[in-house]
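Down below is the structure, laid out as structure tokens.
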Amino acid sequence: VQLQAFGGGLVQAGASLRLSCAASGSISNIDVMGWYRQASGKERELVARITRAGRTNYADSAKGRFTISRDNAKNTVYLQMNSLKPEDTAFYYCKADRVTTTLNYRYIEVWGQGTLVTVSS
């Protein structure tokens, strides 16, 4: 099972970006998918996560500006980021929790590689 994230880049403050993360590997179910970020010199933190049923929760810093969504058929999670601020600059990582494959292998969590988001002032 692998997660591949896309969509990072360099933008100016106030701009928008949409991150995507696709899971691959004969997956039958993913309970929770989420986005985390890690800024330079800081610990990794939750940005937003979404259950298979569509329940979401957000970090306070993301509320009102970011929207997480997922396509269960494509095993893909998205993060729409609006009104970006310089303090949003970080590596963004996607994560899948409680992944089950078609051969009934189960993974507690799977991390994708980071995608860099840089917001200039």
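The chain is numbered in sequence order, starting from 1.
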Between [atom1] of [X] and [atom2] of [Y], what distance do you get to the nearest 0.5 Å?
X: Leu79; Y: Met33; atom1: CG; atom2: CE; result: 12.0 Å
X: Leu84; Y: Gln12; atom1: CG; atom2: CD; result: 11.5 Å
X: Gln4; Y: Thr115; atom1: CD; atom2: OG1; result: 9.5 Å
X: Arg44; Y: Arg37; atom1: CZ; atom2: CZ; result: 13.0 Å
X: Leu17; Y: Leu10; atom1: CG; atom2: CG; result: 9.0 Å
X: Ser28; Y: Asn75; atom1: OG; atom2: CG; result: 9.0 Å

Sidechain-backbone polar pair: [X] side chain, [Y] backbone, donor-acceptor under 3.5 Å:
X: Thr67; Y: Gln80; value: no
X: Thr100; Y: Arg106; value: no
X: Gln113; Y: Ala5; value: yes

Looking at Asp60 and Lys63, is any side-chain nitrogen of the basic one under 4.0 Å from a carboxylate oxygen of the acidic one? yes
Any idea which heavy atoms bring [X] and [Y] closest together, and the distance?
X: Ile30; Y: Asp97; result: CG2-O, 4.0 Å
X: Gly25; Y: Val1; result: O-CG2, 4.1 Å
X: Ala13; Y: Pro86; result: CB-CD, 4.1 Å
X: Ile27; Y: Ala23; result: CD1-CB, 3.5 Å

Can you hop from [X] to [Y] via hydrophobic side chains spaced under 4.5 Å?
X: Leu3; Y: Tyr105; value: yes
X: Val32; Y: Tyr92; value: no
X: Tyr78; Y: Ile50; value: no

Sorted by first residue and then second, give each ring-ring contact (aromatic ring centres under 6.0 Å, His included) pair with at least one member in residues 47-71; sequence neighbours left out.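 Of all non-adjacent pairs touching residues 47-71, none passes ring-ring contact (aromatic ring centres under 6.0 Å, His included).
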Check whether any side-chain heavy atom of Met81 sits under 4.5 Å from a side-chain heavy atom of Asp88, and report yes or no.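 Not touching, per the 4.5 Å side-chain cut-off.
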I'd like to check Asn57 versus Leu46 (side-chain heavy atoms, cut-off strictly below 4.5 Å). Are they in contact? yes
Member of Trp111, Phe91, Tyr93 meeting the ring-ring contact (aromatic ring centres under 6.0 Å, His included) criterion with Tyr36: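 It is Trp111, the one option of Trp111, Phe91, Tyr93 that forms the ring-ring contact (aromatic ring centres under 6.0 Å, His included) with Tyr36.
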By side chain to side chain donor-acceptor pair (under 3.5 Å), Gln2 pairs with (sequence neighbours left out) none
